[in-house]
Amino acid sequence: MNNVSANILIGLAAWTLFLVILMEVLRARLIMAKAVAANEFKPDNSNLSPFMQRLARAHANCVECVPIFGILLIMALLTNRAGVTNPLAPWLFAARLVQSSVHLASSSVPASWVRFIAFAVQLAIAVYWSWALLLT
């Protein structure tokens, strides 16, 4: 497959999958170490370390937003209008990776600003795509 939008769509899914696998591997380690019982996990990891809580939020952010981006990318591909999404798709993916990675690394105020900017970039791209796909 040699289409930028299709590759980015796969990348968004793979990144979301990576985050959930990381979370489950770390949870499995906690179970094996008998640090947490298998039935004691909370969806937001609020009873675990700050890193695990940030990981849960980073994953949830992907689950909340990737469907929106995915629908736009899929519609562009299905309607042969990937020319609308191809130029900015790598930037959207890069912003998603920055947002998630910074979320994992820190919850400091400067990190929160970086996350916000990365998220704003994604939203701006999605708004542009929506508008462009509706008008073309």
Side-chain angles (χ1 to χ4, degrees):
M1 191 178 322
N2 200 13
N3 187 293
V4 174
S5 292
N7 289 334
I8 294 303
L9 183 60
I10 294 166
L12 290 167
W15 180 248
T16 305
L17 182 61
F18 167 76
L19 291 174
V20 75
I21 289 171
L22 177 61
M23 184 162 46
E24 295 315 311
V25 165
L26 295 174
R27 283 179 169 187
R29 277 185 44 195
L30 291 169
I31 293 168
M32 299 296 189
K34 299 191 186 307
V36 179
N39 63 347
E40 289 180 356
F41 291 104
K42 296 184 179 182
D44 61 357
N45 288 341
S46 59
N47 60 329
L48 301 178
S49 71
F51 174 80
M52 288 296 288
Q53 292 173 41
R54 292 191 308 273
L55 177 56
R57 279 307 313 148
H59 174 256
N61 289 159
C62 287
V63 169
E64 293 161 0
C65 293
V66 167
I68 296 166
F69 308 142
I71 288 168
L72 293 169
L73 289 163
I74 290 168
M75 287 310 300
L77 290 164
L78 289 176
T79 60
N80 293 318
R81 292 183 286 169
V84 170
T85 54
N86 282 347
L88 293 176
W91 292 102
L92 179 121
F93 187 55
R96 170 54 50 183
L97 293 177
V98 167
Q99 181 187 0
S100 297
S101 298
V102 172
H103 206 152
L104 295 176
S106 176
S107 60
S108 70
V109 172
S112 295
W113 274 106
V114 171
R115 279 194 350 253
F116 170 75
I117 292 166
F119 185 58
V121 166
Q122 294 166 75
L123 290 180
I125 291 170
V127 167
Y128 167 74
W129 285 349
S130 298
W131 188 255
L133 288 169
L134 284 171
L135 296 179
T136 59

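Phe69 and Val4 end up in the same hydrophobic cluster when Ile, Leu, Val, Met, Phe, Trp and Tyr side chains are linked at under 4.5 Å. Cluster annotation: Val84 and Trp91 are assigned to the same hydrophobic cluster (Ile/Leu/Val/Met/Phe/Trp/Tyr, side-chain heavy-atom contacts under 4.5 Å, transitive). In the hydrophobic clustering of this structure, Leu97 groups with Ile8; members are Ile, Leu, Val, Met, Phe, Trp, Tyr whose side-chain heavy atoms approach within less than 4.5 Å, directly or through other members. Using a 4.5 Å cut-off between side-chain heavy atoms of Ile, Leu, Val, Met, Phe, Trp and Tyr, with links allowed through other members, Val121 and Val127 fall into different hydrophobic clusters. One hydrophobic cluster, built from ILVMFWY side chains closer than 4.5 Å, cannot hold both Leu123 and Phe116; they sit in different ones.
Here the closest non-hydrogen pair linking Leu19 and Ser100 is CD1-OG, 4.1 Å. When all heavy atoms are compared, the tightest approach of Leu55 to Met23 is CD2-CA, 3.4 Å. Nearest heavy atoms, Arg96 versus Leu12: CG-CD2, 3.9 Å. Of all heavy-atom pairs spanning Ala56 and Asp44, the tightest one is CB-O, 3.7 Å. The two atoms that bring Trp129 and Leu73 nearest to each other are CH2-CD2, 3.7 Å, heavy atoms only. The heavy-atom pair separating Ser107 from Ser112 by the smallest distance is O-OG, 3.9 Å.
With ring centers used as reference points, Phe18 lies under 6.0 Å from Trp15.
With Leu72 as the fixed residue, the side chain to side chain contact (heavy atoms under 4.5 Å, CB included) test singles out one of Ile125, Leu133, Leu92: Leu133.
Remark: side-chain polar atoms of Thr85 are paired, donor with acceptor, to backbone N or O of Ala82 under 3.5 angstrom.
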Pair Asn45, Arg27 - check side chain to side chain donor-acceptor pair (under 3.5 Å), show working.
CA-CA 10 Å; Asn45 288 341; Arg27 283 179 169 187; 2.5 Å; yes

Please evaluate residues Glu24 and Arg29 with respect to the criterion salt bridge (charged side-chain N to carboxylate O under 4.0 Å, His left out), reporting the C-alpha separation (whole Å), side-chain torsions for both, the decisive distance (0.1 Å), and the verdict.
CA-CA 9 Å; Glu24 295 315 311; Arg29 277 185 44 195; over 6 Å; no

Taking it one step at a time, do Phe93 and Asn7 satisfy side-chain contact (heavy atoms from CB on, under 4.5 Å)?
CA-CA 10 Å; Phe93 187 55; Asn7 289 334; over 6 Å; no

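Between atom CG of residue Leu104 and atom NE2 of residue His59 there is a gap of 11.5 Å, rounded to the nearest 0.5 Å. How far CG of Leu134 is from CE of Met75: 10.0 Å, rounded to the nearest 0.5 Å. With rounding to the nearest 0.5 Å, the separation of CD in Gln53 from NE2 in His103 is 10.0 Å. Here the CD-CG distance, from Gln122 to Leu88, works out to 12.5 Å after rounding to the nearest 0.5 Å. With values rounded to the nearest 0.5 angstrom, Thr16 atom OG1 is found 11.0 Å from Ile21 atom CD1. Within the model, atoms CG of Leu48 and CD of Glu40 stand 9.5 Å from one another, a figure rounded to the nearest 0.5 Å.
By the 6.0 Å contact criterion, CZ on Phe51 is enclosed, its count of non-hydrogen atoms from other residues, nucleotides or ligands being greater than 12.
Here the side chains of Asn61 and Phe119 are not in contact, with every heavy-atom distance at 4.5 Å or above.
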